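Predicted model, so just to flag it, every value in this text is computed and none were measured.
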Amino acid sequence: MKRSTQLIALMAALAAGSASGQTSVSPDTNKGTNAGTVITNTAVATYQDPANVNQNLSSTSNTVSTTVLPKSAFDITYPSGADADTTDTPAGAPASHQRTNVVPGSRLVFPYVAVNNGNDTQTITLTSDPTPGVSGIQYFLSNPDTNNDGLVSDTELAAATPVTSIVLPVAGDDPNTAAIENNTGIVQFYQVYVATGAPGAVVGATPIGSGQAWNGTANVPTTEQANPGGSAHDDLWWQYNASTIVSPSLTNNPGTPVTGGVDSPPAGGANVPGYTDPSGTVVAVIGDEQFAYPKADPNAANDTVVFTNIVTNASSVPDTVTLSVVPRTNQTGYTQTVTPTGNPGEYTVVQTNPDGTTTTATVTLSAVNATAPANGNVTYTVTVTYPDQDSLPNPSPIYLQIGVDSGNDTNTTPDDFTYDTILPPAMQFGDTTVGLGATDVVASQTGTAGSTVTFPMDVANTGEYADTYRLSGYTVVTLLDGSRQIVPINYTGTGLTSTGTVAVAVDLNGDGDTTDPGETASVPVYTTGSVAPNTELDVNATVALPANVRATGATPYVLTQRATSEYSNIALTDLNDTITVNLSGTLAVGKFTQRSSTAAGTEYVLGNPGSAVAGVSSDPAAIANPLNYSALNSTNYVPGTQYSYKIIAKNTYNTRVEKFFLQDTLNSNLEFNSVAGVISGNSLVEINDTSSSTIIYSTDGVTWTSSAPVTPGSTVYVAVDDAVQPGLQPGGLDPNATLEMTITVTIK
């Protein structure tokens, strides 16, 4: 409006008293004489007394009176004045009437003054022009904000009395009243409204006064306008306030990594930013996502991971946030349904995995609502309970999305998200298959003494994080001498290295303990490189069979293999691969006749049937001649001469032969004198029996005795007793064992 010096003085005075809401100085409004004032006037004539020139005389006229008529004027403005053509929108509001970071739904209060610039008392009706986002406008003659926080609570509002008009007293004394006043002509009042709107929106309202104003000839109804016209009497501007709706600035973030980070899989790598949850599970923090790496446990009970998350409020006002679990949609092939259970902060998350399986988890937020202080943080936890995954052949990750919604906006859509992911471990170990995984079917390989037998194996990481694995194994074989031996398994494969040994103990003799000599051995341990999740490593398990290994027969040698994951501690065994050692060798028989001056070992019998050859043989099946016995040179004896011959049987098979005996039928020209049997190298003929092997004899091959026959028939039999079976009957001959039968005869 067009300001006069009196209104400027008024505003200055009002500003000085604005802290208390009252004007401390009555301004000079230069409004003229108050309406109703009666002005009287009597004229006086003074003249020289005609009768006496030395004195004056006077004459008084009649008295006339004039009553001052109303000349109205008013203004609604800020307590400090300053309304102008620019204040007719919220953008032009002075700093005193601008609010920032207004929470939607807040009830705000703004002070204004009504100024009587006329010479008579009048009533000003109050209306308003609000922007969208302003509602519930009310006016009060006293400040309803009793705690001076800039907001009017429901309780404060209920205690205040709203008005729709203001009676403006005339400045100074009102001649229409009996009392003598010193009015300021100013009334302070307060506009109250509720502000809503989208984040960052600027809303506001202006009070609009309607009253009387002098148009130059008369007092006429006048209302304040946004853009006053040219007439001076209605040149009254609007005076907006401005409320900027707060723009929530929330970030939902992972928990704060600990100093130095944590050891994430595979084991032995560099630490990564993260922390451990209360159970010791490592949680890595990568960007806005957390990855939990739970280790395997020995039971099938539900597992639990606890994530720590932080809500950061970057705005300058506190924010009561709402936390919730929402379906995660940023993982291809996975779908989720999230259902509140009815318990505070608890949800059921059902995740359908790409392979069609489902994973159901219970997710509990430590808080549903939390107050994030201005420019501060609030911490909460996400507890995820889910079925044991490391017992599954190929589990899936468990994905979670946590939203935070600001209480300082008008919608219920989360303003920011953070992501929690559980990567369960799993592995398979066994014989090789096509595709990811391993099989536990029986795999059998065939070998021979001294050969190498290889089994293709798979170490499959079917879990969801990278891991390394330790491999070791052995088998127990029986040697030709009947003893049992632990034979290590060696592994080869890409990136596989030998990293030490591990002790194994086997009760070889079946006595219930493993303290006997030879029952413990060190077998090599091999460690893989890092095996990525859902990939596998092909390895070969190789067994080098001893040269003196015994054939297996019906019972093959069983491999014991073990694979242990370095990080997740899953330990698996493969116990059903077998090796069959083929039968090789023969049962050699040599016959030698007594002949003096024949050096031992200068002849040998080889083959089946045996053939005698001079010299020395390294063939294990060769039977060398005893001292003074020959297989090559014929002997000449006259009738009545007594001599001996030896029949020697040697088991060169790589297994024991059972029900073994020697027999010889005498030539009709020979007279039987005696027979004797000798066993050599048959140490395990009587298993679990420390007694000596018993030589038994027979003349018919049916009935056996431990005494050599004196007068046999044409045939004599020699064997080793089977100590396991009852009675006397032929037993077995161990590999490399010999049975010698010496018969003494006389030429008839």
Q: Checking side-chain contact (heavy atoms from CB on, under 4.5 Å) for the pair V325/V349: CA distance, chi angles, key distance, verdict?
A: CA-CA 9 Å; V325 181; V349 178; 4.0 Å; yes
Q: Quick one: does any side-chain atom of D734 pair with a main-chain N or O of R656 as donor and acceptor, under 3.5 Å?
A: no
Q: Sequence neighbours left out, what pairs pass ring pair (Phe, Tyr, Trp, His ring centres under 6.0 Å) with at least one residue falling in residues 544-589?
A: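 Found Y465-Y567.
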Q: Counting N and O atoms only, with roles assigned by atom type, does the side chain of D467 sit under 3.5 Å from a partner on the main chain of S568, one being a donor and the other an acceptor?
A: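 Such a contact is found between D467 side chain and S568 backbone.
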Q: Between T462 and P393 (side chain of the first, backbone of the second, donor and acceptor by atom type, cut-off under 3.5 Å), is there such a pair?
A: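 Yes; judged by distance alone, with no hydrogens or angles, the pair exists.
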Q: Measure across A460 and L436 and return the closest heavy-atom pair with its distance rounded to 0.1 Å.
A: CB-CD1, 4.2 Å
Q: Could you tell me whether the side chains of Q290 and Y275 share a donor-acceptor contact shorter than 3.5 Å?
A: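 On atom types as modelled, these side chains qualify, holding a pair under 3.5 Å.
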Q: We want to know whether T439 and D431 form a side-chain donor-acceptor pair, criterion being a heavy-atom distance below 3.5 angstrom.
A: no
Q: In terms of side-chain heavy atoms, does D263 have a donor or acceptor partner in Y293 at a distance below 3.5 Å?
A: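 No.
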Q: Could you tell me whether a side-chain N or O of N313 sits under 3.5 Å from a main-chain N or O of G376, the two making a donor and an acceptor?
A: no
Q: Looking only at the side chains, is there a donor atom on one of N540 and T542 sitting less than 3.5 Å from an acceptor on the other?
A: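 Judged by distance alone, the side chains do not pair up.
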Q: Output all residues satisfying ring pair (Phe, Tyr, Trp, His ring centres under 6.0 Å) with Y334, sequence neighbours left out; order by chain, then residue number.
A: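 So Y334 forms a ring pair (Phe, Tyr, Trp, His ring centres under 6.0 Å) with Y399.
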Q: Quick one, I486 and V504 - any side-chain contact, counting heavy atoms below 4.5 Å?
A: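 A side-chain contact under 4.5 Å exists here.
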Q: Would you say V720 and F660 make side-chain contact, with heavy atoms under 4.5 Å?
A: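 Not in contact.
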Q: Compare all side-chain heavy atoms of V283 with those of T276 and state whether any distance is below 4.5 angstrom.
A: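 Side chain of V283 against side chain of T276, heavy atoms only: no contact under 4.5 Å found.
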Q: Quick one: does T564's side chain have a donor or acceptor within less than 3.5 Å of a partner on A571's backbone?
A: no
Q: Is a side-chain N or O of D513 found less than 3.5 angstrom from the main chain of T515, in a donor-acceptor match?
A: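 Judged by distance alone, yes, a pair lies under 3.5 Å.
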Q: Is there side-chain contact between F291 and I422, with heavy atoms separated by less than 4.5 Å?
A: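 No - every pair of side-chain heavy atoms lies 4.5 Å or more apart.
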Q: Looking at side-chain heavy atoms only, is the closest gap between P327 and T337 below 4.5 Å?
A: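 No, too far: nothing below the 4.5 Å cut-off.
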Q: Pairs in or reaching into residues 339-360: which pass ring pair (Phe, Tyr, Trp, His ring centres under 6.0 Å), with residues at least two apart or in two chains?
A: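 Sorted result for residues 339-360: empty, none.
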Q: What pair of heavy atoms forms the shortest contact from P254 to V285, and how long is it?
A: CB-CG1, 3.7 Å
Q: Can you measure from CG (N654) to CG (N736) and round to the nearest 0.5 angstrom?
A: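 So the gap between those two atoms works out to 10.0 Å.
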Q: Would you confirm whether E519, through its side chain, and N509, through its main-chain N or O, come within 3.5 Å as a donor-acceptor pair?
A: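 Looks like yes, one N/O pair under 3.5 Å.
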Q: Any donor-acceptor pair under 3.5 Å linking the side chain of N252 with the backbone of I402?
A: yes
Q: Any side-chain donor paired with an acceptor under 3.5 Å for S406 and D319?
A: yes
Q: Test T359 against N353 for side-chain contact (heavy atoms from CB on, under 4.5 Å), laying out the working first.
A: CA-CA 8 Å; T359 306; N353 305 312; 3.1 Å; yes
Q: Please step through side-chain contact (heavy atoms from CB on, under 4.5 Å) for the pair N411 and D405, ending with a clear verdict.
A: CA-CA 8 Å; N411 60 55; D405 179 44; 3.8 Å; yes
Q: Return a table of donor-acceptor pairs under 3.5 angstrom between the side chains of residues 360-373 and protein atoms on other chains or two or more places apart.
A:
| residue | atom | partner | partner atom | Å |
| --- | --- | --- | --- | --- |
| S366 | OG | T381 | N | 2.9 |
| S366 | OG | T381 | OG1 | 3.4 |
| N369 | ND2 | T322 | OG1 | 2.9 |

Q: Quick one: are L545 and T448 in side-chain contact, heavy atoms under 4.5 Å?
A: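 They are not in contact (no side-chain heavy atoms under 4.5 Å apart), so the answer is no.
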Q: Which pair of non-hydrogen atoms, one from A649 and one from L733, has the smallest distance, and what is that distance?
A: O-CD2, 4.4 Å
Q: Say you draw a straight line from CD1 of I679 to CG of L739; how long is it, rounded to the nearest 0.5 Å?
A: 5.0 Å
Q: Got a sec, which residues hit ring pair (Phe, Tyr, Trp, His ring centres under 6.0 Å) with Y491, two or more places apart in sequence or on another chain?
A: Y526
Q: Look at the side chain of R550 and the backbone N and O of T655, then say whether any donor-acceptor pair between them is shorter than 3.5 Å.
A: no
Q: What is the distance from atom CG of L400 to atom CZ of R328, rounded to the nearest 0.5 Å?
A: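 It is 7.5 Å, given to the nearest 0.5 Å.
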Q: Quick one: list whatever passes salt bridge (Lys or Arg N to Asp or Glu O under 4.0 Å) with E566, sequence neighbours left out.
A: R470
Q: Would you call L423 and P397 a side-chain contact if the rule is heavy atoms closer than 4.5 Å?
A: yes
Q: Would you give the length of the straight line joining atom OG of S264 to atom CD1 of I286, rounded to the nearest 0.5 angstrom?
A: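 So the gap between those two atoms works out to 7.5 Å.
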Q: Looking at D574, is its backbone amide N or carbonyl O close enough to the side chain of D440 to form a donor-acceptor pair, meaning the two atoms are under 3.5 Å apart?
A: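 Not a single qualifying donor-acceptor pair exists.
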Q: Do T385 and N302 pair up side chain to side chain, a donor and an acceptor below 3.5 Å, judged on atom types alone?
A: no
Q: Specify the closest pair of heavy atoms between S247 and P199, including all atoms of both residues, with the distance to one decimal.
A: OG-C, 3.6 Å
Q: Hey, what do you get for CD (Q401) to CD (E289), rounding to the nearest 0.5 Å?
A: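 If we round to the nearest 0.5 Å, Q401:CD and E289:CD are 10.0 Å apart.
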Q: Going by distance alone, is a donor N or O of one side chain under 3.5 Å from an acceptor N or O of the other, for T341 and E346?
A: yes
Q: Would you say T357 and D355 are linked by a side-chain donor-acceptor pair, where the criterion is simply a distance under 3.5 Å?
A: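 D355 vs T357: donor-acceptor pair found between side chains.
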Q: Hey, mind stepping through N461 and N534 against side-chain contact (heavy atoms from CB on, under 4.5 Å) and telling me if it holds?
A: CA-CA 5 Å; N461 182 2; N534 295 301; over 6 Å; no
Q: Measuring from T560:OG1 to Y474:OH, what's the distance to the nearest 0.5 Å?
A: 4.0 Å
Q: When you check the side-chain N and O atoms of T418 and N309, is any donor under 3.5 Å from an acceptor?
A: no
Q: Which heavy-atom pair separates D303 from D388 by the least distance, and what is that distance?
A: OD2-OD1, 3.0 Å
Q: How close do Y604 and A622 get, counting heavy atoms only, and between which atoms?
A: CD1-CB, 4.0 Å
Q: Do the side chains of L508 and V476 get nearer than 4.5 Å, heavy atoms only?
A: yes
